[in-house]
Amino acid sequence: MPKEFNTEPAFAIEEDLNDPIASFKSSFHFPKHNGKDAIYFCGNSLGLQPKSIEAAIRIELDSWRERAVGGYFTGTNPWLYYHETLSNSLSKIVGASAKEITVTNTLTVNLHLMLLSFYQPNKTRYKILMEAGAFPSDQYAVETIVKHFGLDPADAIIEIAPLTGEKILNNADILKTIEHHGSSIAMVLMGGINYYTGQFYELEKIAFATHQIGAICGFDLAHVVGNIPLQLHEWNIDFAVWCSYKYLNAGPGAVGGIYIHERWANNIDTPRLGGWWGNDEKDRFKMEKGFHPKPDASGWNISTTPVFNMIGLKASLEIFDLAGILEIRNKSIRLTNYLEYLLNQLPNLAFEIISPLSYENRGAQLSLYFKENGRPIHDKMKENGIIVDYREPGVIRVAPAPLYCSFQDVYQFYCILKEHF
Ligand SMILES: *Cc1c(COP(=O)(O)O)cnc(C)c1O
């Protein structure tokens with residue numbers, strides 16, 4: 001660590017002064033508390049609204065009003081290609097070529113589409129390995145796809161759980177379990193970060209172990225994209241999906257993203273459900289028989305680009321382009337480490353950090369299990385204009401998203417705990 005932390009208020013002020021991306025805080029709207037900006041630690045659920053979104057919406061409203069159908073081909077952002085600029089920005093964030101990325105639909109829908117492309121069970125190889133306690137929507141998607149193929153979820157789904165007495169998955173155990181089930185596994189499908197514990201899995205090693213047994217490796221990156229920089233292509237991951245309303249700040253229900261490794265994306269014979277927006281543009285409007293998918297990830301697009309559901313993402317990615325995902329991650333590591341340090345200076349507080357204790361294995365989130373006072377702590381935070389997430393039995397998830405949370409925000413959180421508990 002370049003400089004040790006301490007519990008002085010002046011330390012937080014100095015950290016903010018030295019923070020190269022501190023100015024981006026003013027690019028966002030904050031919910032208000034007693035007329036002042038609240039402190040927002042819920043960016044892992046719904047990111048804040050970038051101020052630039054209103055102007056970006058106005059551009060498309062103007063284009064629609066002035067050009068109507070012409071807006072597909074002309075104007076500031078011709079709608080026919082609207083998703084392509086988004087793929088360029090996302091390629092830096094997820095570490096893949098723009099051709100391996102497309103933005104379309106929403107997360108769970110995209111997960112189903114990827115399952116239909118990449119889950120091809122046969123008599124001996126039909127199991128899906130996933131994490132126990134995966135986000136419910138992912139569990140439902142896998143349960144229903146398995147049933148769709150006439151299989152029994154109790155047999156076809158393998159869930160990997162933490163070792164006895166532990167809260168997070170053991171990395172070596174994940175790899176061992178993959179190897180153990182070997183050729184019965186058709187697909188390994190994990191969250192990149194577990195939404196509850198905040199554990200960031202070793203994606204590259206999981207992909208390698210999965211390919212060793214001849215299976216497909218996919219990830220749900222809802223809690224990772226915009227939080228931790230990735231190298232999806234280099235790590236040889238087959239496919240991934242994510243939403244844009246958490247760390248990407250694109251707004252509630254915003255368009256989701258898909259990554260498909262070029263070895264699948266370039267191959268027009270890779271199975272998929274087709275629609276005209278995945279068809280080559282040059283004969284899209286000929287309205288002829290025969291689906292000719294584009295030879296890249298956009299060949300999975302189905303419907304007309306939902307432009308008004310993409311504007312938030314466009315505006316938000318412009319902020320990511322300016323700040324840079326590596327700078328964002330650098331600040332994030334220091335900010336979350338600082339939060340961890342401060343919490344550990346509170347001897348009277350009975351709590352456990354259920355997130356991984358090493359920064360390499362987590363993003364911007366610490367999940368804190370308060371053995372007592374979980375609910376009162378949450379309520380006291382709220383009273384003081386600090387928004388955090390609470391889950392029974394006593395788990396508070398704190399996510400200091402680095403684009404709009406400061407060291408002084410984290411210090412405030414500490415002060416309230418110190419003063420009242
Ligand atoms: C947030 C989240 C979802 C939500 O899916 P939607 O289809 O966007 O509602 C699904 N899975 C995971 C892992 C999530 O974190």
Side-chain angles (χ1 to χ4, degrees), residues 40-48 86 90 93-94 101-116 118-119 128-146 157 159-161 168-169 174 187-201 203 206 217-228 230 232 237 239-259 273 300-303 306 309-310 312-313 316 354-356 361-367 388-391 395 397-399 401:
Y40 193 73
F41 291 138
C42 261
N44 53 347
S45 270
L46 181 69
L48 292 181
L86 307 181
L90 282 166
I93 294 173
V94 304
I101 296 167
T102 194
V103 285
T104 185
N105 311 310
T106 44
L107 173 53
T108 311
V109 171
N110 286 333
L111 181 56
H112 277 294
L113 293 177
M114 292 300 101
L115 285 165
L116 284 168
F118 294 106
Y119 177 57
I128 300 182
L129 185 137
M130 61 191 304
E131 71 213 284
F135 195 90
S137 202
D138 300 46
Q139 293 186 40
Y140 306 154
V142 174
E143 177 191 332
T144 53
I145 202 83
V146 159
I157 301 171
E159 287 192 336
I160 174 162
I168 59 175
L169 294 184
I174 298 174
M187 177 182 287
V188 172
L189 177 70
M190 309 255 304
I193 286 180
N194 180 277
Y195 78 99
Y196 189 70
T197 64
Q199 180 179 11
F200 177 47
Y201 301 120
L203 275 53
I206 293 172
C217 186
F219 287 98
D220 181 332
L221 301 175
H223 282 257
V224 194
V225 173
N227 180 10
I228 299 179
L230 297 159
L232 297 181
I237 285 153
F239 73 86
V241 288
W242 59 87
C243 57
S244 309
Y245 50 79
K246 293 174 181 169
Y247 292 98
L248 285 182
N249 311 314
V255 67
I258 300 178
Y259 151 87
L273 299 184
W300 270 259
N301 288 6
I302 296 177
S303 282
N309 198 22
M310 293 178 149
L313 182 56
S316 160
I354 62 175
S355 303
N361 302 116
R362 69 186 186 207
Q365 171 184 332
L366 288 186
S367 303
V388 292
D389 176 85
Y390 180 76
R391 306 272 151 141
V395 173
R397 296 186 303 161
V398 189

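Below, each value reflects all heavy atoms present in this structure, side chains not excepted, and no hydrogens, waters or symmetry copies. We count ligands from 1, going down the list as the structure has it; atoms in each ligand are counted the same way. Keep in mind it's a predicted model, so treat the numbers as computed, not measured.
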I'd like the residue list for ligand 1, meaning every protein residue with a non-hydrogen atom under 4.0 Å from the ligand. Leu107, Thr108, Phe135, Asp138, Asp220, Ala222, His223, Tyr245, Lys246
Which heavy-atom pair separates Ala141 from Thr108 by the least distance, and what is that distance? CB-CG2, 4.3 Å
Test side-chain contact (heavy atoms from CB on, under 4.5 Å) applied to Val94 and Trp242, step by step: CA-CA 10 Å; Val94 304; Trp242 59 87; 4.1 Å; yes
Take Ile174 and Val188 through the test side-chain contact (heavy atoms from CB on, under 4.5 Å) and record every step on the way to the result. CA-CA 10 Å; Ile174 298 174; Val188 172; over 6 Å; no
Mind running side-chain contact (heavy atoms from CB on, under 4.5 Å) on Leu169 and Asn194 for me, showing each step along the way? CA-CA 10 Å; Leu169 294 184; Asn194 180 277; over 6 Å; no
On the 0 to 90° scale, with breaks at 30° and 60°, tag the Phe239-Phe118 ring pair as parallel, tilted or perpendicular. parallel
Partner set under salt bridge (Lys or Arg N to Asp or Glu O under 4.0 Å) for Glu143, not counting sequence neighbours: Lys147
